[in-house]
Amino acid sequence: MNRTAVVVPLIVVALLGACKKREPEPAPAAEAPVAVAPAAATAPPPAEQTAEQQELARKQALLAFATREDKFINDPRAQWAAEAKASSVFGDKDKSVSDSNKPQSAAGPADGRNWTNDNIDKGFDWLETTYANPVNATEVRVVFTGGQGVEAINKVELQDTDAKWHTVWEGLSDVKKEENGNRTWFVRTFDKTAYKAKIVKVTFANNLQRDYKTVDAVQLVGD
């Protein structure tokens with residue numbers, strides 16, 4: 001067999017193999033798109049009140065206080081103290097006690113006459129108020145002139161007709177000075193007592209509000 005005849009076909013096959021198109025490489029997998037969080041909506045700043053709106057809001061707050069106070073003062077279930085006594089009176093240290101600061105000033109209705117204690121920030125003081133009609137009590141209201149002492153109250157107790165004391169509230173006062181009236185009302189409501197209450201005792205931790213404490217009146221509410 002002719003050697004040349006064998007070589008030529010082999011060369012042709014090699015050339016055909018070289019000319020054969022390469023298979024395309026697989027395309028890389030597409031990356032998942034990264035989610036972009038939408039920008040947080042910015043709330044528009046509150047519009048400033050006009051002078052007229054501010055004055056209206058001020059009067060509405062005054063009216064709300066007057067309505068609440070009127071409800072307390074004219075409450076048919078509430079009574080004012082007939083007598084009062086206290087642990088100290090302004091002027092005790094100097095032996096110069098004025099009648100206007102004595103505990104009896106806290107008896108009767110809210111009238112601007114006040115018991116004032118003799119300690120700004122030392123120890124504890126208390127005020128006891130006695131009522132003509134013992135009741136199954138549901139609430140105690142203490143009236144402060146100018147809010148002096150309202151943040152220092154730390155305990156409210158009731159004495160029953162058998163002279164036994166019962167604590168109806170103890171803790172830190174959450175009442176702040178009233179900005180819409182001359183009086184600040186400290187009010188504590190509780191379940192109706194099974195006993196008849198005749199005396200209210202309010203205790204002050206003097207360093208909780210470093211000022212003299214001035215109580216105008218104390219109401220006992222019940223049936």
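The model shown is predicted, which means the values in this text are computed figures rather than measured ones. The first residue of the sequence shown is numbered 1, and numbering continues consecutively from there.
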> Do V215 and V143 pass the side chain to side chain contact (heavy atoms under 4.5 Å, CB included) test, and can you show the C-alpha distance, the side-chain angles, and the key distance before you say yes or no?
Replying inline: CA-CA 6 Å; V215 176; V143 188; 5.9 Å; no

Can K213 and I153 be said to form a side chain to side chain contact (heavy atoms under 4.5 Å, CB included), step by step? CA-CA 10 Å; K213 285 67 185 174; I153 288 185; over 6 Å; no

| said: Is there a side chain to side chain contact (heavy atoms under 4.5 Å, CB included) between L158 and L220? Walk through the geometry before answering. | reply: CA-CA 10 Å; L158 301 178; L220 176 62; 4.2 Å; yes

Decide yes or no on ring pair (Phe, Tyr, Trp, His ring centres under 6.0 Å) for W115 and Y212, but give the supporting numbers first.
CA-CA 10 Å; W115 160 71; Y212 292 107; over 10 Å; no

key: Stepwise side chain to side chain contact (heavy atoms under 4.5 Å, CB included) test for V187 and R68   = CA-CA 12 Å; V187 179; R68 178 173 180 259; 3.9 Å; yes

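Annotation: Q104, atom CD; neighbour count of heavy atoms from other residues, nucleotides and ligands within 6.0 Å is above 12. Residue N182 qualifies as open at atom CG: its count of foreign heavy atoms under 6.0 Å is 12 or below. Taking a 6.0 Å sphere around NZ of K85, one finds it holds 12 or fewer heavy atoms contributed by other residues, nucleotides or ligands.
A continuous path of hydrophobic side-chain contacts links V156 to V150 [ILVMFWY only; heavy atoms under 4.5 Å]. The hydrophobic clustering, which links ILVMFWY residues whose side-chain heavy atoms are closer than 4.5 Å, places I199 and V218 apart. Cluster annotation: V89 is not connected to F124 through the hydrophobic network of ILVMFWY side chains, with a link wherever side-chain heavy atoms come within less than 4.5 Å. V97 is not connected to F90 by any chain of hydrophobic side-chain contacts under 4.5 Å among Ile, Leu, Val, Met, Phe, Trp and Tyr, and they are in different clusters. The cluster map of Ile, Leu, Val, Met, Phe, Trp and Tyr, joined by side-chain heavy atoms under 4.5 Å apart, puts V200 and I73 in different clusters.
Note: N74 CG to E69 CD = 10.0 Å, rounded to the nearest 0.5 Å. The CG atom of N206 sits 9.5 Å away from the CD1 atom of I120 when rounded to the nearest 0.5 Å. E151 contributes atom CD, which lies 10.5 Å from atom CG of L172 (distance to the nearest 0.5 angstrom). Note that OG of S87 and CG of N117 are 7.0 Å apart. Values are rounded to the nearest 0.5 Å. Separation of atoms CD (E170) and CZ (R188) is listed at 12.5 Å; rounding is to 0.5 Å.
The closest side-chain donor-acceptor pair between D211 and Q209, if any, does not fall under 3.5 angstrom. Inspection of the N114 and S105 side chains reveals no N or O donor paired with an N or O acceptor under 3.5 Å. A donor-acceptor contact closer than 3.5 angstrom links the side chains of T129 and Y131. Side-chain contact, T189 with E139: a donor N or O sits under 3.5 Å from an acceptor N or O.
Remark: E178 does not engage R183 in a salt bridge, criterion side-chain N to carboxylate O under 4.0 Å.
Residues that satisfy the ring pair (Phe, Tyr, Trp, His ring centres under 6.0 Å) test with F72, not counting sequence neighbours, are W185. Under the rule for a side-chain contact (heavy atoms from CB on, under 4.5 Å), the partners of K201 that lie at least two apart in sequence or sit in another chain are W126, E128, E157, W165, T203. Residues passing the ring pair (Phe, Tyr, Trp, His ring centres under 6.0 Å) test with F190, sequence neighbours excluded: none. Residues satisfying the ring pair (Phe, Tyr, Trp, His ring centres under 6.0 Å) test with W80, not counting sequence neighbours, are none.
Inter-residue side-chain proximity for V221 and R141 is flagged as met; some heavy-atom pair is nearer than 4.5 Å. Side-chain contact between Q159 and K164 is absent, with no heavy atoms from C-beta onward closer than 4.5 Å. In this structure, S173 and L208 have side chains that are not in contact, with every pair of non-hydrogen atoms separated by 4.5 Å or more.
Smallest separation of non-hydrogen atoms from T50 and Q53: N-OE1, 2.9 Å. Closest approach of P103 to L127, counting heavy atoms only: CB-CD1, 4.3 Å. Nearest heavy-atom pair across A217 and G108 is CB-O, 3.5 Å. The shortest non-hydrogen separation linking G147 to K177 is CA-CG, 4.3 Å.
Applying the salt bridge (charged side-chain N to carboxylate O under 4.0 Å, His left out) test to every pair with at least one member in residues 115-126, sequence neighbours left out, gives these pairs: K93-D118. Sequence neighbours left out, the pairs with a member in residues 214-223 that pass salt bridge (charged side-chain N to carboxylate O under 4.0 Å, His left out) are R77-D223, K192-D223.
Between the D70 side chain and the A66 main chain, no donor and acceptor come within less than 3.5 Å of each other. Judged purely by atom type and a 3.5 angstrom limit, T145 has no side-chain atom pairing as donor or acceptor with the backbone of T214. Looking at T193, its side chain does come within 3.5 Å of a backbone N or O of A137 through a donor-acceptor pair. For the pair E55 (side chain) and E52 (backbone), a donor-acceptor distance under 3.5 Å is absent.
With K196 as the partner, the side chain to side chain donor-acceptor pair (under 3.5 Å) test is satisfied by one option alone out of N136, D162, N133, T161: N136.
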